[in-house]
Each structure stands twice: as C-alpha cells, then as structure tokens.
Amino acid sequence: MTGPIQFIDLTTQQQRIREEVDGRIRAVLDHGRYIMGPEVVELEERLAEIAGVSDVISCASGTDALVLGLLALDLQPGQAVIMPGFTFVATAEAVAILGGVPVFADIDPDTYLIDPQSVVAAIETARSDGLTVAGIIAVDLFGQPADYVALSSVAEMHGIWLFADAAQSFGGSNNGTAVGALAAISATSFFPAKPLGCYGDGGAIFLIEPSLAPSLRSLRVHGQGRDKYDNVRIGINGRLDTVQAAILLAKLTIFDEELQLRAEVASRYVDGLRDHVKVPFVAAQAVSAWAQFTIEIPNRTEVVLALTKRGIPTAVYYSTPLHQQTAYRHFPVANGQLKHSDRAATRVLSLPMHPYLSTADQDMIIRAVQEAVSRP
Ligand SMILES: *Cc1c(COP(=O)(O)O)cnc(C)c1O
C-alpha cells in the first residue's frame, strides 16, 4: 500500500480488525450496559493475565490512572513526589492537582529514563526545602521500562512508595517481568496513539498485590461504599466506557504481533541510522514497547525541514522539559538544574513508528535522515 507516510498508522490497523471491532461494539449496543458492562471486567481480567498481576483497575485515562493511584497511596497536600523533568505533563499534573509538590530529577542521557542517583539528590533537595517526600513516579519514556530494581532500593531505603507511569510502555518488559508487574503500582494509558490505544480516552492501574484494589475500585466511582448512595471516601468519576473496553479487547487480538512488528521497525532504524545519529539505547535485559523511536541530532530544525519537504512527519517529545514549563517551573529541581533533560529537549526527534511502516518507506526515511544530518 502506498500513500503519504504516517507518523502513526491507525487506519491500516483498523482495516485488519474492523470486523472484530464492529462485532464487539455491536455486542455493547445489544446489551446496553454502557457503564461498567461485562467487557470492562473481561478487559481487566485479560490485562491482569497479560501482565501477570493480581489486579487491574481500568479507568477513564492515563491521567486518571495516575490521579487514582495517588489518591489510593494517600498523597497529602504539601508532600513531595520525585519524578523526571523530561516527561509528559500528566505525570506532574496528577501530583500538583492533588496539592502535592512535584520535585524534578534528571534522566540518564542514553535511555531518557529517570536516573536513580538524581532521585537520591532530588530527595535531598526536597528535604532541605522542608518537604516530606511521599514517593517516586518513574516514567517508562518512549516505551522502555525504567530501572525499577535500582529505584525500588532507593524507595525502600527512604521509606517511600514507587509508582510506575507506564503510559508509553504497556507491552514492554524487564528481565522477563511484564510492564504492570515491575512496580507495586503502575498506571498506563489507552490514548489512541499509545502502543495499545482505544478510540477515545482510557487507562488502567496495575497492582502486583491486591491490598489497594478495593479503594481504587471505590475511588473510581465517587468513593462509593456499599452502594451508589453510600460514599466512604472522596473519589472521582473515573470509569472506562464499556465501548472502549470492547475496542481494546478487539485490539488485543493482534497486540503481540504488533509489538513484534514495532521491534522489527526499530531494529531496521537502528541498523540504518546508528552510524549517523544517536539512536535509542535499550538495556540488554529490557524489552521496549517502542511507543516512539527517538533519535538525537544537533541540527534539529534543519532535519525537520528536510524531512517535511519529503513528506516525512516527525514529532518532538519533548521540546520543553517540565521544570521549564510556565505552570511547573517554580517546583524544586534536584541540585538546582537538570543538565541531561535540558540537553535532550533541544536535540530529540521522533520518527514515524508503527507496526505497519513498510520497509520501502522506512528506507526512504533512513536515507532522508542520513542526508539531512550529513549536511554541514
Ligand atoms: C500519555 C501519557 C500520560 C497520560 O495519558 P492520557 O491517557 O493521555 O491521560 C501520562 N504520562 C505519560 C508519560 C504519557 O505519555
């Protein structure tokens, strides 16, 4: 199939599973249980099985998954939460909207994942500012899981919790452990452009043991107790629509194959580009879900222009780190500056990445990048 190169191709995917999707949506229209219908339960059970966890609580978005998780962890106003400065805004927003204080740590310059040593520095910065540190949110940026082994020992040493923002990494793993089971609590997103996306907003929380499950299920429905009119805690309306659960069940039928195809696309990019630009580094024991394929280049503006001229879409995740954003720059930063986050923000460029990128299109992209970066 030829046509313009897409950054993410949801059309080809839909053509493959259209019948399954139509059938699943029709079933919802037939039974009419649009809120908390049987597909929601079926999806939660499937996801728990895939991740090898005790409980999955679906919810209305990845952002709600973070907010619900923080409510269940009992984050108090004024408490600090350590997180990377180089991430999507929702990570910090979830903390700040509850009155918590995001404290930004730096990233590893090769993986773009939160650096456990910088986390230690951020804890010190927060404490010297007089803050109580409640926990750490690690972010599996671009699809690769963070270093949960190192992070959990830091968390344990300081008596704080560790929460995984796995919005970009569902389908990935580390040392054979699936994303969802790498931290006591993980949040993911089913926003359409994520590796597993629905046709709207959606998200889920993963628990490796069930103790927080009852409060999360209650928080998701206004803090419900015994019944609808018994409210035992302050919650939100954070449910996943039955229709979105149905769509995700259809998409799961090809998800493993899509992850494999993404990995093949990534490996072809690495082969074609590693001698020309900085390509993604994935740790030997890690499997990325390849939400993004992100290169680093010094002359980003020119490269974007050259690629755009040839009809190749690109994206920059993220051009402004959170600690430089208007709404977040007053929050504390580990050691006062985040050198690697600042540098990455000026150099990263994400290339088209999806399971259906043809080798011909990919080779064209690789050649275009090679030429654009070699120009003085
Ligand atoms: C997408 C994303 C979120 C938020 O997910 P939504 O479903 O869009 O609310 C949170 N954190 C990260 C790192 C993300 O990439």
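Residue numbers run from 1 in the order of the sequence given. Bear in mind that the values here come from a model prediction, so they are computed numbers and not experimental data.
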### Message
By the side chain to side chain donor-acceptor pair (under 3.5 Å) test, which pairs, at least two apart or in different chains, include something from residues 26-35?
### Response
His31-Glu39
### Test log, rule salt bridge (charged side-chain N to carboxylate O under 4.0 Å, His left out), inputs Glu124 and Arg127
CA-CA 5 Å; Glu124 277 162 23; Arg127 288 184 177 159; over 6 Å; no
### Euclidean distance, His354 NE2 relative to Gln13 CD, rounded to 0.5 Å
11.0 Å
### Message
What I'd like to find out is whether the side chain of Glu20 reaches to under 4.5 Å of the side chain of Thr253, using heavy atoms alone.
### Response
yes
### Message
Holding to ring pair (Phe, Tyr, Trp, His ring centres under 6.0 Å), I want the full list of residues that pass it with Phe191, two or more places apart in sequence or in another chain.
### Response
none
### Task
State, yes or no, whether a side-chain contact exists between Val282 and Trp290 at a heavy-atom distance under 4.5 Å.
yes
### Query
Should we count CG of Leu10 as having more than 12 external heavy atoms under 6.0 Å?
yes
### side chain to side chain contact (heavy atoms under 4.5 Å, CB included) partner of Phe86, the single match among Ile114, Ile107, Asp342
Ile107
### Message
Are Ile295 and Phe7 connected into the same hydrophobic cluster when the rule is that any two of I, L, V, M, F, W, Y join if their side-chain heavy atoms are below 4.5 Å apart?
### Response
yes
#### Entry: Side-chain touch Gln144/Thr111, heavy atoms, less than 4.5 angstrom
yes
### Task
May I have the step-by-step check of side chain to side chain contact (heavy atoms under 4.5 Å, CB included) for Ile50 and Leu252, ending in yes or no?
CA-CA 10 Å; Ile50 292 168; Leu252 277 174; 3.8 Å; yes
### Steps toward side chain to side chain contact (heavy atoms under 4.5 Å, CB included) verdict (Leu240, Leu43)
CA-CA 10 Å; Leu240 179 71; Leu43 176 71; 3.7 Å; yes
### Task
Taking the side chain as every heavy atom from C-beta outward, state whether Pro332 and Val101 have any atom pair closer than 4.5 Å.
yes
#### Entry: Partners meeting salt bridge (Lys or Arg N to Asp or Glu O under 4.0 Å) with Lys339 (sequence neighbours left out)
none
### Pairs flagged by salt bridge (charged side-chain N to carboxylate O under 4.0 Å, His left out) wherever residues 252-264 is involved - sequence neighbours left out
Arg16-Glu257
### Message
To the closest 0.5 Å, what do you measure between CG (Leu305) and CZ (Arg300)?
### Response
13.5 Å
### Task
Please report the shortest heavy-atom distance between Asp64 and Ser61, naming the atom on each side.
N-OG, 2.9 Å
### Task
Examine distances only and state if a side-chain atom of Glu296 and a backbone atom of Thr294 form a donor-acceptor pair shorter than 3.5 Å.
no
#### Entry: Gln370 (side chain) donor-acceptor with Gly272 (main chain) under 3.5 angstrom
yes
## Note on the structure
Distance col, row Ile185:CD1 vs Leu68:CG, nearest 0.5 angstrom, shows 9.0 Å
### Query
When you measure from the side chain of Asp129 to the backbone N and O of Leu131, does any donor-acceptor pair fall under 3.5 Å?
no
#### Entry: Ion pair Arg220/Glu44, N-O distance below 4.0 Å
yes
### Query
Within a reach of under 6.0 Å around CD of Glu156, are more than 12 heavy atoms found that belong to other residues, nucleotides or ligands?
no
### Residues that Phe170 engages under ring pair (Phe, Tyr, Trp, His ring centres under 6.0 Å), provided they are two or more places apart
Phe206, Phe255
### Task
For residues Val103 and Phe331, determine if any side-chain heavy atom of one lies less than 4.5 Å from a side-chain heavy atom of the other.
no
### Task
For Lys251 and Gly197, indicate whether the former's side chain and the latter's backbone hold a donor-acceptor pair under 3.5 Å.
yes
### Query
Can Phe104 and Met83 be said to form a side chain to side chain contact (heavy atoms under 4.5 Å, CB included), step by step?
CA-CA 5 Å; Phe104 298 113; Met83 66 183 67; 3.8 Å; yes
### Task
Mark yes or no for whether Asn174, through its side chain, and Thr177, through its backbone, hold a donor-acceptor pair below 3.5 Å.
no
### Query
Just wondering, are more than 12 heavy atoms of other shown residues or ligands nearer than 6.0 Å to CD in Glu42?
yes
### Task
Could you give me the CA-CA distance, side-chain angles and deciding distance for Ile137 and Trp161, then say whether side chain to side chain contact (heavy atoms under 4.5 Å, CB included) is met?
CA-CA 9 Å; Ile137 304 183; Trp161 45 253; 4.2 Å; yes
### Message
How close do Ile365 and Pro352 get, counting heavy atoms only, and between which atoms?
### Response
CD1-CG, 3.8 Å
#### Entry: Nearest-0.5 Å distance that lies between atom CD1 in Ile247 and atom OG1 in Thr242
11.0 Å
### Query
According to a 4.5 Å side-chain heavy-atom criterion applied to Ile, Leu, Val, Met, Phe, Trp and Tyr, with indirect links allowed, do Leu249 and Val243 form part of one hydrophobic cluster?
no
### Message
Quick check: do Gln14 and Tyr199 have side-chain heavy atoms less than 4.5 Å from each other?
### Response
yes
### Message
Please check: side-chain N/O of Asp115 versus main-chain N/O of Gln117, any donor-acceptor pairing under 3.5 Å?
### Response
yes
### Message
Please find the pair of heavy atoms, one from Val21 and one from Ala250, that lie closest to each other, and give the distance.
### Response
CG2-CB, 3.7 Å
### Task
Decide if atom CD1 of Ile234 counts as having more than 12 heavy atoms of other residues, nucleotides or ligands within a radius under 6.0 Å.
no
### Message
Just so I know, are the side chains of Gln362 and Leu351 near enough to count as touching, which here means a heavy-atom distance under 4.5 Å?
### Response
no
#### Entry: Side-chain H-bond candidate by donor/acceptor type, Asp140 with Tyr148, under 3.5 Å
yes
### Query
Could Asp363 and Arg268 be called an ion pair, given the rule that one side-chain N must be under 4.0 Å from one carboxylate O?
yes
### Query
Does the side chain of Asp9 come within less than 4.5 Å of Leu357's, by heavy atoms?
no
### Message
Is it the case that atom CZ in Arg18 sees more than 12 heavy atoms from other parts of the structure closer than 6.0 Å?
### Response
no
### Minimum heavy-atom distance Pro102-Ala92, with the two atoms named
CG-O, 3.9 Å
### Task
Evaluate the side-chain hydrogen bond (donor to acceptor under 3.5 Å, both in side chains) criterion for residues Arg233 and Ser218: first the C-alpha distance (whole Å), next the side-chain angles of each, then the deciding distance (0.1 Å), finally the verdict.
CA-CA 8 Å; Arg233 50 174 73 73; Ser218 161; 2.6 Å; yes
### Task
For Asp106 and Ser341, indicate whether the former's side chain and the latter's backbone hold a donor-acceptor pair under 3.5 Å.
yes
### Message
Would you say CZ of Arg217 has more than 12 non-hydrogen atoms from neighbouring residues, nucleotides or ligands within 6.0 angstrom?
### Response
yes
### Message
Can you see whether Asn335 engages Gln337 through a side-chain donor-acceptor pair at a distance of less than 3.5 angstrom?
### Response
no
## Note on the structure
The reported gap from OH in Tyr356 to OG1 in Thr11 (rounded to nearest 0.5 angstrom) is 11.5 Å
### Query
How long is the gap from CD1 on Ile82 to CG on Leu162, to the nearest 0.5 Å?
12.0 Å
Only pairs under 3.5 Å count here: list side-chain donor-acceptor contacts from residues 315-322, not counting sequence neighbours, and write none if there are none.
residue	atom	partner	partner atom	Å
Tyr318	OH	Gln168	NE2	3.0

